[in-house]
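What follows is a single structure, written as structure tokens, with notes after it.
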Amino acid sequence: MAVLDTVAATHIAHRDNHTHRDVNGGWLRPAVFGAMDGLVSNVSLMSGVAGGTASSSAIVIAGLAGLAAGAFSMAAGEYTSVASQRELVLAELDIERRELRKHPVDELEELAALYESRGVEPELAREVARQLSRDPEQALEIHAREELGIDPSDLPSPMVAAASSFGSFALGALLPLLPYLLGATQLWPAILLALLGLFGCGAVVARVTARSWWFSGLRQLVLGGAAAGVTYLLGLAFGTAVG
């Protein structure tokens, strides 16, 4: 009994600890991309304007315009992209559903052959396929997983992707604007805050990836700083040429 209790306790501990992060949802990629894009694009836009003019009001107007335009553009793009992907998947599922209805025997043999190719004995593979194919919706889900590599019950939501993109881009783009909105008249506080934000975002992203927090944060800081520096120099050159 003591051995059985130990095995049971080990199994429960493994079940409770053996969890995975959600990698299929439709929120993570647009949220991360939106925040990074909002920070980099708006601080770069503001740097370019600051290089061409000393007017803080012009910089603020450019930053607000960049925030609004970028947020709506990101939301619209993500919605269209995810909706198109979802419609394609649903179309493929309809095809598979019709095949299961018209050719159930062929589809059952196809599933059995798939299990055989993975090392299951032929008779057992056919029996497993037969039992799993009793429920049409279950059969559809299994074929979708095995043939298309998708989970019909976990398709990304266009609205979630759009809302994530809009909100995260707006928050990211707002960060370099805050010093100006609070009364700053020079660019460096906005740059400093944006770089800190980039490092922080990169460090947070590392929590759902295999990278270390400092590497991910430093990478985002360097890329964002380089973009802001280049656009500042371009704005300076354009401002001198036009002036």
Side-chain angles (χ1 to χ4, degrees), residues 14-41 68-120 125 128-173 201-202 204-211 216 220:
H14 174 75
R15 180 196 64 194
D16 292 340
N17 294 322
H18 189 72
T19 58
H20 296 279
R21 293 164 293 195
D22 179 14
V23 297
N24 293 321
W27 64 273
L28 180 60
R29 183 185 66 85
V32 171
F33 183 72
M36 296 298 180
D37 194 28
L39 265 169
V40 174
S41 64
F72 282 109
S73 176
M74 284 286 294
E78 281 296 331
Y79 183 89
T80 302
S81 174
V82 174
S84 299
Q85 178 187 5
R86 185 184 180 90
E87 289 163 3
L88 175 61
V89 170
L90 292 176
E92 291 298 316
L93 288 175
D94 284 339
I95 293 174
E96 189 64 30
R97 186 178 287 108
R98 288 196 298 270
E99 288 297 313
L100 284 167
R101 187 169 58 250
K102 293 179 179 178
H103 308 288
V105 176
D106 292 337
E107 291 294 318
L108 189 149
E109 290 297 326
E110 186 178 285
L111 191 59
L114 179 65
Y115 291 138
E116 285 184 49
S117 69
R118 295 184 176 180
V120 180
V128 170
R130 186 186 66 79
Q131 293 190 27
L132 292 176
S133 298
R134 289 173 179 172
D135 182 356
E137 287 304 313
Q138 178 177 261
L140 175 63
E141 182 175 334
I142 293 171
H143 280 272
R145 289 176 184 271
E146 299 294 347
E147 297 179 28
L148 304 176
I150 59 174
D151 183 353
S153 63
D154 192 27
L155 299 180
S157 166
M159 289 300 298
V160 170
S164 299
S165 294
F166 184 92
S168 58
F169 186 99
L171 287 175
C201 284
V204 170
V205 170
R207 294 182 61 85
V208 292
T209 65
R211 291 290 188 179
S216 183
Q220 296 302 328

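Sequence positions, counted from 1, serve as the residue numbers for this chain.
Across every non-hydrogen atom of Val82 and Ala161, the tightest pair is CG2-CB, 3.6 Å. Contact detail for Pro158 and Ala83: the closest heavy-atom pair is CG-CA, 3.7 Å. Residues Cys201 and Ala35 come closest through the heavy atom pair SG-CB, 4.5 Å. Listed here is the closest heavy atom pair of Ala144 and Pro152: CB-CG, 3.7 Å.
With sequence neighbours excluded, the residues forming a side chain to side chain contact (heavy atoms under 4.5 Å, CB included) with Glu146 are Leu111, Leu114, Tyr115, Arg118, Ile142, listed by chain and number. Considering only residues two or more places apart in sequence or on other chains, Phe166 meets the ring pair (Phe, Tyr, Trp, His ring centres under 6.0 Å) condition with Phe72. With sequence neighbours excluded, the residues forming a side-chain hydrogen bond (donor to acceptor under 3.5 Å, both in side chains) with Ser153 are Asp151, listed by chain and number.
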Discussion item. Could you go through Phe169 and Ser73, starting from their C-alpha distance and side-chain angles, then the distance that decides it, and tell me whether this counts as side-chain contact (heavy atoms from CB on, under 4.5 Å)?
Written reply: CA-CA 10 Å; Phe169 186 99; Ser73 176; over 6 Å; no
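Annotation: side chain of Leu132 is in contact with side chain of Gln138 (closest heavy-atom distance under 4.5 Å).
Here the options are Glu87, Glu92, Arg86, the test is side-chain contact (heavy atoms from CB on, under 4.5 Å), and the partner is Leu90; only Arg86 passes.
Side-chain N or O atoms of Ser81 include none that pairs as donor or acceptor with a backbone N or O of Gly77 at under 3.5 Å. A distance-only check finds no donor-acceptor pair linking the side chain of Ser165 to the backbone of Ala75 [under 3.5 Å].
In this structure, OG on Ser41 lies 12.5 Å from CE on Met36, to the nearest 0.5 angstrom.
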Show me the donor-acceptor pairs within less than 3.5 Å that the side chains of residues 93-108 make with the rest of the protein, sequence neighbours left out.
| from | atom 1 | to | atom 2 | distance (Å) |
| --- | --- | --- | --- | --- |
| Asp94 | OD1 | Arg97 | NH1 | 2.8 |
| Glu107 | OE1 | His143 | ND1 | 3.4 |

